[in-house]
Amino acid sequence: MKVVTWNVNSIHARLDNVLNWVEANDPDILLLQETKVVDQEFPIDDFGDLGYDCVFTGERSYNGVAICAKDEIHEVKKNLPGDGPEAQKRLIAGRIGQLRVASVYVPNGQALDSDKYPFKLEWLARLRAYLPELTRPDQPFLISGDYNIAPADLDVWDTKAMVGSTHVSPPERAALAALQEFGLVDAFRLLEPNKRQYSWWDYRAGCFQRDVGLRIDLHLVSQALVPRVRRVTIDTQARAEEKASDHAPVILELSDA
DNA sequence: ATGGTAGCAGAGCTA
């Protein structure tokens, strides 16, 4: 089984790239972030033509998450408890067969002195508090997406250049560690303890061509899934395409239960 | 190079 997480940076602007990629790679489950469309405008027919059922929660211009799957999606939950209708659309969860999945778009934080930074930390704390309502540690569960946090220095192109920036600050990494303390494992790092590979590269200043990037797109899998993790592939080829997202899709391959 | 590019929206914000 193939599960993919991909921050597409607008599903409308990226529709051809995404559909072509999905046809070529044939994932069972697709977890999308930054769809940037209201629910009425999500391209369900295009995914339907490829055989996918989609659920989503989105808004105009910013944020937006989705789950697309070949099998039926059950028990769909959108956003965090206490989120009103105006809340940023950053989380969607569901169950496909026995597997519980969630697509997450963690706030960027912008800068350590921005009011968006405490919002990021508070949002992560709320997500941590919500985990017991999404699953139990012994269930097959994964929560994947754009965490906007590089877990360790090995996930950063240049730690010195990142001093004083978001994505690497100790409070952010502590918030990610708190999520993992629920029993969630970074699947890429599980299989590749020493590999340096990124999932996001800034559009500016030729960052992709220079491999100036961060690994911030993660598959966090429950203990029950750990023995089933076969391979994790960051498809940097997709980032090199014309009109590419600034994030690469990350493919998680699981063996059967 | 305190810049650079991309998306949305149609100026400035977000990333």
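Here the structure is a predicted model, which is why all the values come from computation and not from measurement. Chain naming here is simple, since letters A, B, ... match the order of the sequence lines and numbering starts at 1 in each.
- Members clustered with Tyr203(A): none, using a 4.5 Å side-chain heavy-atom cutoff among hydrophobic residues.
- Whole-Å rounding puts the Glu241(A) CD to dA6(B) P distance at 15 Å.
- Sorted by first and then second residue, the ring-ring contact (aromatic ring centres under 6.0 Å, His included) pairs with a member in residues 138-163 of chain A form an empty list; sequence neighbours excluded.
- Both Ala205(A) and Lys243(A) lie near DNA chain B, and the one whose nearest nucleotide falls closer to the 5' end is Ala205(A).
- Checking side-chain atoms of Arg95(A) against main-chain N and O of Gln98(A) turns up no donor-acceptor pair under 3.5 Å.
- Comparing dG4(B) with dT14(B), their C1' atoms are spaced 15 Å from each other, to the whole Å.
- The separation between Glu242(A) atom CD and dG7(B) atom P is 11 Å, rounded to whole Å.
- In this model, the phosphate group of dA9(B) is approached by a side-chain N or O of Arg60(A) to a distance below 4.0 Å at OP1 or OP2.
- Among residues two or more places apart in sequence or in another chain, the side-chain contact (heavy atoms from CB on, under 4.5 Å) test is passed with Asp83(A) by Asn79(A), Leu80(A), Ala87(A), Arg126(A).
- Only at 4.0 angstrom or more do the heavy atoms of residues 156-165 of chain A sit from any atom of DNA chain B, so none qualifies.
- Applying salt bridge (Lys or Arg N to Asp or Glu O under 4.0 Å) to Asp155(A) and the options Arg189(A), Lys195(A), Arg173(A), Arg196(A) leaves one that passes, Arg189(A).
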Validation: residues 44-51 of chain A side-chain donor-acceptor distances under 3.5 Å, sequence neighbours left out:
none

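- Rounded to whole Å, atom P of dC8(B) lies 11 Å from atom CD of Glu34(A).
- Nucleotides dA1(B) and dA6(B) have their P atoms positioned 23 Å apart, rounded to a whole Å.
- Between the CG atom of Asp202(A) and the C1' atom of dA1(B) there is a distance of 14 Å, rounded to whole Å.
- Among residues at least two apart or in separate chains, there is no ring-ring contact (aromatic ring centres under 6.0 Å, His included) pair with a member in residues 211-233 of chain A.
- Distance CH2 (Trp200(A)) to P (dT5(B)): 15 Å, rounded to an integer number of Å.
- For the pair Arg204(A) CZ and dA1(B) C1', the interatomic distance rounds to 13 Å; values are reported in whole Å.
- Contact check of residues 5-14 of chain A against DNA chain B (heavy atom, cut-off under 4.0 Å) returns Asn9(A), Ser10(A), Ala13(A), Arg14(A).
- Residue-environment remark: CD (Gln237(A)) stays at or below the threshold of 12 foreign heavy atoms within 6.0 Å.
- As a whole-Å value, the separation of His247(A) NE2 from dG7(B) P is 13 Å.
- The ring-ring contact (aromatic ring centres under 6.0 Å, His included) analysis of residues 50-109 of chain A, with sequence neighbours excluded, yields the pairs Phe42(A)-Phe56(A).
- Comparing dG10(B) with dT5(B), their P atoms are spaced 23 Å from each other, to the whole Å.
- Straight-line distance between the C1' atoms of dG3(B) and dC8(B): roughly 22 Å, to the nearest whole Å.
- For dT2(B) and dG7(B), the C1' atoms lie 23 Å apart once the distance is rounded to whole Å.
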Between the protein and nucleotides 11-14 of chain B, are there any N/O to N/O pairs under 3.5 Å, and if so, what are the atom names and distances?
from, atom 1, to, atom 2, distance (Å)
dC13(B), O2, Tyr62(A), OH, 3.4
dT14(B), OP1, Lys116(A), NZ, 3.3
dT14(B), OP2, Lys116(A), NZ, 3.4

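- Qualifying side-chain contact (heavy atoms from CB on, under 4.5 Å) partners for Asp158(A), counting only residues two or more places apart in sequence or in other chains: Lys160(A), Ala161(A).
- Legend: side-chain hydrogen bond (donor to acceptor under 3.5 Å, both in side chains) pairs involving residues 23-33 of chain A, not counting sequence neighbours, sorted by first then second residue: Thr5(A)-Gln33(A), Asp26(A)-Lys70(A), Gln33(A)-Ser103(A).
- Under the side-chain contact (heavy atoms from CB on, under 4.5 Å) criterion, Gln180(A) pairs with Leu176(A), Asp186(A), Leu220(A), sequence neighbours left out.
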